[in-house]
Amino acid sequence: MVKTMRIMLDGRYLPGNARVNRDLLITLRNIAKALKFGIRYDAQRELVLINSKDSSIPPLPSEHLADERTEDENARLAGKVICLDPGHGGSDPGALGPTGTTEKDNTLAIALSLKEKLEKNGATVVMTRDSDSEVVSAETSAAEDLSTRVDIANQSEVDLFISIHNDAFSSQTAAGTTTFHYGDKDSIKLANLVQQGLCEKLGTKNRGARFASLYVLRYTNMPSILIEIAFISNMVEEMLLSSVDGRDNAAESICDSILKYYKV
């Protein structure tokens with residue numbers, strides 16, 4: 001996971017987090033020297049303190065102050081890059097609901113709502129698709145489609161990969177939410193937070209955060225999860241998945257879980 005640091009100027013946190021980077025620290029020190037500012041780097045807290053009043057070294061803040069979140073809410077995920085993967089798309093509708101709604105429409109709507117919420121919190125969002133289209137083309141095989149989704153995340157060097165789907169079963173009585181991971185500790189942590197948050201927010205049956213050897217989880221290089229929001233084959237949950245409120249609540253819950261994952 002990419003480490004981030006915060007910057008405090010004259011006792012106040014600047015909005016956002018920056019990736020810990022040696023060149024950035026050197027640049028800050030050179031600027032401080034040129035301007036005759038005092039500067040200090042607290043490696044334990046990943047915190048840069050700058051005093052613009054004079055060249056004296058800023059004192060370390062108290063533990064209480066160091067934990068305060070004085071930056072705007074829209075900076076809580078600054079520096080984080082998150083890939084959202086709406087399942088299916090274009091000529092591949094995914095699963096169909098009893099009234100004819102499609103998985104591809106639900107997953108895209110939830111992902112676009114989640115993208116907006118993450119960006120409002122300062123994250124950069126990479127989408128595997130942002131419209132009702134195939135990730136590559138209609139002629140692409142299922143294997144190539146999955147490979148391209150993984151490549152988008154890996155080549156973008158994102159911090160998290162989140163694939164969004166709807167579950168389905170032959171019986172309309174099957175219901176609930178499931179979140180899958182590939183077994184690494186960070187993915188398990190994220191999956192558990194997302195699973196709990198969705199079930200509480202949507203009121204769905206908790207089918208658990210589970211291990212699964214799925215292609216998009218096996219081959220992504222970052223913490224990755226695949227979420228089955230609810231069963232589109234269940235008439236009640238189909239209504240939830242296709243409604244504006246249901247989609248927004250799902251997106252809000254996932255966003256909140258990501259904030260908890262990063263403890264911001």
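Please read these numbers as outputs of a predicted model, since none were measured by experiment.
Exactly one of E237, K205, Q172, E238 qualifies for a side chain to side chain contact (heavy atoms under 4.5 Å, CB included) with F231. That residue is E237.
Atoms CG and OG1, on L198 and T204 in that order, are 6.5 Å from each other to the nearest 0.5 Å. Distance check, rounded to the nearest 0.5 Å: SG of C255 to CG of L118 gives 4.5 Å. Within the model, atoms CG of D92 and OG of S133 stand 11.5 Å from one another, a figure rounded to the nearest 0.5 Å. Separation of atoms CD (E139) and CD (E144) is listed at 10.5 Å; rounding is to 0.5 Å. Distance CD1/I225 to OG/S187: 8.0 Å, rounded to 0.5 Å. In this structure, CZ on F37 lies 12.0 Å from OG on S56, to the nearest 0.5 angstrom.
Put simply, the side chain of S55 never gets that close to the backbone of K36: no donor and acceptor are under 3.5 Å apart. For S171 (side chain) and T173 (main-chain N/O), a donor-acceptor pair under 3.5 Å exists by modelled atom type. Although no hydrogens or angles enter the test, the distance criterion places a donor-acceptor pair under 3.5 Å between the side chain of E134 and the main chain of S91. In this structure a side-chain-to-backbone donor-acceptor pair under 3.5 Å is missing from Q155 to I152. Of the possible donor and acceptor atoms, one in the side chain of N121 sits under 3.5 Å from a partner among the backbone N and O of K117. Side-chain atoms of S224 do not come within 3.5 Å of backbone N or O of T220 as any donor-acceptor pair. At distances below 3.5 Å, at least one donor-acceptor pair connects side-chain atoms of T140 with backbone N or O atoms of S137. No donor-acceptor pair under 3.5 Å is formed between the side chain of R29 and the backbone N or O of R40. R210 contributes a side-chain N or O that, together with a main-chain N or O of R207, makes up a donor-acceptor pair within less than 3.5 Å. In this structure a side-chain-to-backbone donor-acceptor pair under 3.5 Å is present from K104 to G90.
For F180 and F211, the ring centers sit 6.0 Å or farther from each other.
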For side chain to side chain contact (heavy atoms under 4.5 Å, CB included), just list the numbers for T107 and H88, CA-CA rounded to whole Å, side-chain angles, deciding distance to a tenth of an Å, and then say yes or no. CA-CA 8 Å; T107 60; H88 309 281; 5.5 Å; no
Begin from the C-alpha positions of L9 and S52 and carry the test side chain to side chain contact (heavy atoms under 4.5 Å, CB included) through to its verdict. CA-CA 7 Å; L9 176 64; S52 69; 4.2 Å; yes
Given the rule in the side chain to side chain contact (heavy atoms under 4.5 Å, CB included) test, do T178 and L226 qualify, once you have shown the distances and angles that lead to the verdict? CA-CA 9 Å; T178 314; L226 185 147; over 6 Å; no
If you apply the rule side chain to side chain contact (heavy atoms under 4.5 Å, CB included), what do you find for Y41 with L25, and how did you get there? CA-CA 8 Å; Y41 175 52; L25 289 171; 3.9 Å; yes
Test log, rule salt bridge (charged side-chain N to carboxylate O under 4.0 Å, His left out), inputs K80 and D159: CA-CA 6 Å; K80 305 301 181 188; D159 297 299; 5.6 Å; no
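Using a 4.5 Å cut-off between side-chain heavy atoms of Ile, Leu, Val, Met, Phe, Trp and Tyr, with links allowed through other members, V236 and L240 fall into different hydrophobic clusters. Grouping the Ile, Leu, Val, Met, Phe, Trp and Tyr side chains by contacts below 4.5 angstrom, directly or via other members, places V216 apart from I162. By the rule that hydrophobic residues join a cluster once side-chain heavy atoms approach within less than 4.5 Å of another member, L193 and V158 end up as members of separate clusters. Connection of L96 to I232 is not established within any shared hydrophobic cluster, with ILVMFWY side chains joined at heavy-atom distances below 4.5 Å, either directly or through further cluster members. Put simply, L84 and Y219 are part of two different groups of oily side chains (I, L, V, M, F, W, Y) that touch within less than 4.5 Å, one to the next.
Looking at T124 and I82, their side chains never come closer than 4.5 Å, going by heavy atoms from C-beta outward. For the pair I7 and L28, the minimum side-chain heavy-atom distance is below 4.5 Å. In this structure, the side chains of L160 and Y261 come closer than 4.5 Å at one or more pairs of heavy atoms. With contacts defined as side-chain heavy-atom distances shorter than 4.5 Å, the pair L77/I258 qualifies. Using a 4.5 Å heavy-atom threshold, the side chains of R247 and N106 count as touching. Using a 4.5 Å heavy-atom threshold, the side chains of D85 and I164 count as separate. Between V150 and T148 the shortest side-chain heavy-atom distance does not fall below 4.5 Å. Between D105 and T101 there is no side-chain heavy-atom pair separated by less than 4.5 Å.
The heavy-atom pair separating N192 from A209 by the smallest distance is OD1-CB, 3.2 Å. Residue I110 comes nearest to A251 through the heavy atom pair O-CB, 3.7 Å, listed as atom of the first residue, atom of the second, then distance. The shortest heavy-atom contact between A212 and L217 is O-CD1, 3.9 Å. The two residues F161 and A153 come nearest to each other via the heavy atoms CD1-CB, 3.6 Å. In terms of heavy-atom proximity, H181 sits nearest to A191 at CD2-CB, 3.9 Å. Closest heavy-atom contact between S233 and A168: OG-CA, 3.4 Å.
Under a cut-off of 6.0 angstrom, the local environment of CD1 in I57 is sparse, with at most 12 non-hydrogen atoms contributed by other residues, nucleotides or ligands. In this structure, M127 places its CE atom where more than 12 heavy-atom neighbours from other residues, nucleotides or ligands lie under 6.0 Å away.
Under the 3.5 Å distance criterion, with hydrogens and angles disregarded, a donor-acceptor pair is assigned to the side chains of S163 and H165. When only modelled atom types and interatomic distance are considered, N206 and Q195 share a side-chain donor-acceptor pair under 3.5 Å.
D256 and K260 are not joined by a salt bridge, as no carboxylate oxygen comes within less than 4.0 angstrom of a charged side-chain nitrogen.
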